[in-house]
**Student:** 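Sending over a structure as structure tokens; questions will come in a sec.
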Amino acid sequence: MIQIDALPAFSDNYIWLLQDTAKRRCAVVDPGDAGPVERWLAANPGWALSDILITHHHTDHVGGVARLKQLTGARVCGPANEQIPCRDLALDEGAEVEVLGVVFQVLAVPGHTLGHIAFFSDQPSETPLLFSGDTLFAAGCGRMFEGTPEQMQPALARLAALPAHTQVYCAHEYTLANLRFAKAVEPDNPHVQQRFDEVTRLRADQRITLPSTIGLERLTNPFLRTSETLVKQKADEWKGHSNATHVAVFAALRSWKDTF
């Protein structure tokens, strides 16, 4: 089993560091800044950076790629349909990529950006892993900068259908703000309230709130709960009319969150 740690970057980004301690090799996901990775490598001599995984093209996810590629020669694996610096391996829906002995399936999850991908592994004897970038957040989802609700809602539903014990590694520390919105959508949801209290305590101590799990997201993430009657009612109230489909409910929730 690989070890996974967070390298904080900027104000709220996480660069995920995957480590094969037996072979002293590592990989990173979405290094928007090379600095945190360089410092870790300097503090851990003898380790080699073998791979850089990219979920989408935004600068806070790819800004450190060229520097790390120059320093380490690591293989850069990223979405085929976006401009990714120094990309060696172009990945799209249905592809597989092996990193540190773990095989990841590539899932196309458009919406936040058009070519956004996620990395999922459910190898036997391993805890399923999902690196979701800015598509699925803890208790939330990314803004639709390029895509449409018709793209993003099915993408999120697809991630929600992954095994409940899948660990979700998203790219930002947005959990507390997302749970404030979730409380507005479902004020009587005990799972949301319990998670809000737990995350409030974690953030008060400046502690990380990730990873999440798919099972926890199903219980507390309004964007995965568009089939819930009370969630639809809140979406209808926000828009002032009935939203007849899951896509319409999602679109209403996202527009509400954008101004929340």
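Note that this is a predicted model, so its numbers are computed, not measured.
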**Student:** Would you please name every residue forming a side chain to side chain donor-acceptor pair (under 3.5 Å) with Q3, sequence neighbours left out?
**Tutor:** D5

**Student:** Any Lys/Arg nitrogen of D205 or R201 sitting under 4.0 Å from an Asp/Glu carboxylate oxygen of the other?
**Tutor:** no

**Student:** Which hydrophobic side chains are connected to L71, either touching it within the sub-4.5 Å cutoff or through other members that do?
**Tutor:** none

**Student:** By ring-ring contact (aromatic ring centres under 6.0 Å, His included), which residues pair with Y14, not counting sequence neighbours?
**Tutor:** W16

**Student:** For E237, what residues pass the side chain to side chain donor-acceptor pair (under 3.5 Å) criterion, not counting sequence neighbours?
**Tutor:** none

**Student:** Run the salt bridge (Lys or Arg N to Asp or Glu O under 4.0 Å) test against K183 and tell me which residues pass, sequence neighbours left out.
**Tutor:** none

**Student:** Would you please name every residue forming a side-chain contact (heavy atoms from CB on, under 4.5 Å) with F10, sequence neighbours left out?
**Tutor:** N13, D33, D60

**Student:** Can you tell me which residue pairs pass the side-chain hydrogen bond (donor to acceptor under 3.5 Å, both in side chains) test with a partner in residues 46-55, sequence neighbours excluded?
**Tutor:** D30-T55, D51-R75

**Student:** Which pairs, with at least one residue in residues 113-123 and sequence neighbours excluded, count as a side-chain hydrogen bond (donor to acceptor under 3.5 Å, both in side chains)?
**Tutor:** H56-H116, E82-T113, Q105-D122, H116-T135

**Student:** Taking only residues two or more places apart in sequence, or in another chain, which ones meet R24 in a side chain to side chain donor-acceptor pair (under 3.5 Å)?
**Tutor:** none

**Student:** Can you list everything that forms a side chain to side chain donor-acceptor pair (under 3.5 Å) with Q70? Sequence neighbours excluded, please.
**Tutor:** none

**Student:** Checking F120 now: which residues fulfil ring-ring contact (aromatic ring centres under 6.0 Å, His included) with it, not counting sequence neighbours?
**Tutor:** none

**Student:** If the condition is ring-ring contact (aromatic ring centres under 6.0 Å, His included), which residues does F145 pass it with, not counting sequence neighbours?
**Tutor:** H58, H112

